[in-house]
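Shown next, in structure tokens, is the structure this report addresses.
Heavy atoms only: backbone and side chains are in, while hydrogens, waters and symmetry mates are out.
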Amino acid sequence: MSAITAECVTKRFGGFEAVSDVSFEVPDGQFLAVLGPNGAGKTTTLEMLEGFSPPTSGTLRVLGADPHRGGRAWRARIGLVLQSTSLDPGLTVRDTLALFAGLYPDPRPVSEAIEVAGLGADAITKVGVLSGGQRRRVDLAIGIIGRPEILFLDEPTTALDPEARRRTWAAIENLATTGTTIVLTTHYIEEADHLAGRILILADGKIAADTTPARLRAQAGPATIRYVLEDPGIAPALPARLAPHLEPDGRTLAIRSADIAGVLRELASFAERHHLALSGLEVGPPSLEEAYLTVIEGQACPEGTRT
């Protein structure tokens with residue numbers, strides 16, 4: 001049985017179509033990342049799956065039920081980590097989770113939720129003095145306290161510093177190992193690449209790609225050669241074939257070409273003339289970000305026209 005089934009789902013706001021004839025399934029235990037530019041329909045899709053907004057047409061089933069009609073028992077089976085939450089700043093992390101645990105018929109032990117979310121060192125700290133990264137891990141702990149069968153993560157690491165983001169990833173990975181179905185929306189392509197086994201890309205309210213990170217890269221086109229110049233001062237000496245591929249930082253070459261051998265010969269010759277080591281040279285498929293941009297190029301709608 002699939003945890004989520006969407007069949008020909010459309011959502012209109014007046015005469016505006018925010019999501020258009022979208023169909024997909026999410027098997028039990030899968031980690032799905034939903035990507036797309038601002039206004040692609042990600043938030044609208046998530047709100048329908050979470051039961052906050054009904055589709056205009058089509059059929060949605062989440063854990064076998066129509067999410068918009070899901071009662072209290074159904075809601076106890078899903079977990080939500082929203083973009084922002086309002087918590088009592090005077091309560092400790094442990095007391096906050098105990099409060100939310102009381103809302104569920106069979107909650108996780110508070111100590112277990114604290115461990116999964118990586119909050120062991122902060123259990124008796126008041127929420128009001130936590131950093132942004134610690135607060136997001138509290139949000140995650142609240143999302144899992146009810147033992148959800150499906151967890152919806154709506155941009156869980158937005159505005160976090162790299163260290164806090166990595167710690168939040170570790171907490172999410174801990175949860176994924178338990179077999180929970182996870183649906184993630186994020187603007188961080190690296191995050192989707194690191195966490196998800198499947199990627200659904202929305203553009204202009206439609207599904208532009210439904211694949212794995214590896215397949216998305218493979219379909220994106222020629223291999224890419226990446227090399228960072230040891231001394232950016234020699235960039236003006238780059239051969240005519242290589243110079244157009246210098247990125248705005250003035251030192252990184254990113255060359256996509258079907259003639260990998262020819263490009264490597266020219267790059268090696270350039271390096272020999274200028275006594276450069278080629279340490280750090282990379283040859284591989286396009287990055288996931290490059291592949292993602294290839295998919296959505298020309299399809300994104302103007303910012304602010306969708307939700």
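Minimum interatomic distance between A76 and P105 (heavy atoms only, all atoms of both residues): CB-CD, 3.9 Å. The shortest non-hydrogen separation linking A220 to P286 is CB-CG, 3.9 Å. Closest of all the heavy-atom pairs between P239 and E266 is CB-OE2, 3.2 Å. The nearest pair of heavy atoms linking V295 to A209 is CG1-CB, 4.1 Å. The shortest non-hydrogen separation linking A113 to A141 is O-CB, 4.1 Å. Of all heavy-atom pairs spanning A123 and I114, the tightest one is CB-CD1, 3.9 Å.
Put simply, CG on L238 and CZ on F270 are 4.0 Å apart, with the number rounded to the nearest 0.5 Å. In this structure, the separation between OG1 on T125 and CG on L119 is 9.0 Å, given to the nearest 0.5 Å. Separating the CG atom in D193 from the OG1 atom in T186 is a distance of 11.5 Å, to the nearest 0.5 Å. In this structure, NE2 in H274 is found 10.5 Å from CG in D231, a value given to the nearest 0.5 Å. Interatomic distance, CG of L175 versus OG1 of T177, reported as 7.5 Å (0.5 Å rounding). Rounding to the nearest 0.5 Å places NE2 of H68 at 13.5 Å from CD of E50.
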Next on the checklist: Working note: V138 + F100, criterion side-chain contact (heavy atoms from CB on, under 4.5 Å); need CA distance, chi angles, decisive distance, verdict.
Outcome noted: CA-CA 11 Å; V138 173; F100 279 90; over 6 Å; no
Checklist entry - Does the pair E190 and W169 meet the rule for a side-chain contact (heavy atoms from CB on, under 4.5 Å), with working shown? => result CA-CA 11 Å; E190 179 190 9; W169 289 359; 3.8 Å; yes
Next on the checklist: Checking L253 against I225 for the side-chain contact (heavy atoms from CB on, under 4.5 Å) test, could you report, in this order, the C-alpha distance in whole Å, the side-chain angles of both residues, the deciding distance, and whether it holds?
Outcome noted: CA-CA 8 Å; L253 284 169; I225 298 170; over 6 Å; no
Checklist entry - Would R61 and D66 count as a side-chain contact (heavy atoms from CB on, under 4.5 Å) if you check the C-alpha gap in whole Å, the side-chain angles of each, and the deciding distance to 0.1 Å? => result CA-CA 5 Å; R61 288 290 180 269; D66 176 348; 3.7 Å; yes
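Taking hydrophobic clusters as Ile, Leu, Val, Met, Phe, Trp and Tyr residues chained together by side-chain heavy-atom distances below 4.5 Å, M48 shares a cluster with W74. At a threshold of 4.5 Å between side-chain heavy atoms, the hydrophobic network of Ile, Leu, Val, Met, Phe, Trp and Tyr places V62 and L151 in two separate groups. Following chains of ILVMFWY side-chain contacts shorter than 4.5 Å, one can reach F31 starting from L140, so the two form part of one hydrophobic cluster. Using a 4.5 Å cut-off between side-chain heavy atoms of Ile, Leu, Val, Met, Phe, Trp and Tyr, with links allowed through other members, L99 and I145 fall into different hydrophobic clusters. Side-chain heavy atoms closer than 4.5 Å link hydrophobic residues (I, L, V, M, F, W, Y) into clusters, and following such links, possibly through other members, connects V183 to F24.
In this structure, the side chain of T181 does not engage the main chain of D28 through any donor-acceptor pair within 3.5 Å. Remark: side-chain polar atoms of T180 are not paired, donor with acceptor, to backbone N or O of A176 under 3.5 angstrom. Put simply, the side chain of R77 never gets that close to the backbone of I150: no donor and acceptor are under 3.5 Å apart. At distances below 3.5 Å, not a single donor-acceptor pair connects side-chain atoms of D204 with backbone N or O atoms of K206. Side-chain N or O atoms of T294 include one that pairs as donor or acceptor with a backbone N or O of E290 at under 3.5 Å. The backbone N or O of T157 lies less than 3.5 Å from no partner atom in the side chain of R136, so there is not a single donor-acceptor pair. Of the possible polar contacts, none joining the T212 side chain to the G197 backbone as a donor-acceptor pair under 3.5 Å is found. Judged by distance alone, the side chain of R94 and the main-chain N or O of V110 form no donor-acceptor pair under 3.5 Å. Listed for the K42 side chain is a donor-acceptor partner under 3.5 Å among the backbone atoms of G36. A side-chain donor-acceptor contact under 3.5 Å links R147 to the backbone of D106.
For the pair L267 and L281, the minimum side-chain heavy-atom distance is below 4.5 Å. A heavy-atom distance below 4.5 Å is found between the side chains of I142 and L97. Contact of the S257 side chain with the H245 side chain is not registered, since no non-hydrogen atoms from C-beta on lie closer than 4.5 Å. In this structure, the side chains of L49 and I4 come closer than 4.5 Å at one or more pairs of heavy atoms. Using a 4.5 Å heavy-atom cutoff, the side chains of L242 and V263 are in contact. Using a 4.5 Å heavy-atom threshold, the side chains of T158 and H187 count as separate. Using a 4.5 Å heavy-atom cutoff, the side chains of L184 and P156 are in contact. Put simply, the side chain of T85 reaches to within 4.5 Å of the side chain of R135, judged on heavy atoms.
Using a 3.5 Å distance cut-off with no hydrogens or angles, the side chains of D154 and T185 do pair a donor with an acceptor. Under 3.5 Å, the side chains of S269 and R265 contain no donor-acceptor pair of N or O atoms.
Stacking of R75 on the aromatic ring of F152 is not recorded, the 6.0 Å distance cut-off and the 45° axial limit not both being met.
Applying the 6.0 Å contact sphere to CD of E247 captures more than 12 heavy atoms from other residues, nucleotides or ligands. Counting non-hydrogen atoms of neighbouring residues, nucleotides and ligands closer than 6.0 angstrom, the CZ atom of R215 reaches no more than 12 such neighbours. In this structure, E115 places its CD atom where only 12 or fewer heavy-atom neighbours from other residues, nucleotides or ligands lie under 6.0 Å away.
A side chain to side chain contact (heavy atoms under 4.5 Å, CB included) with V19 is found for one member of I207, T44, L202, T56 and no other, namely T44.
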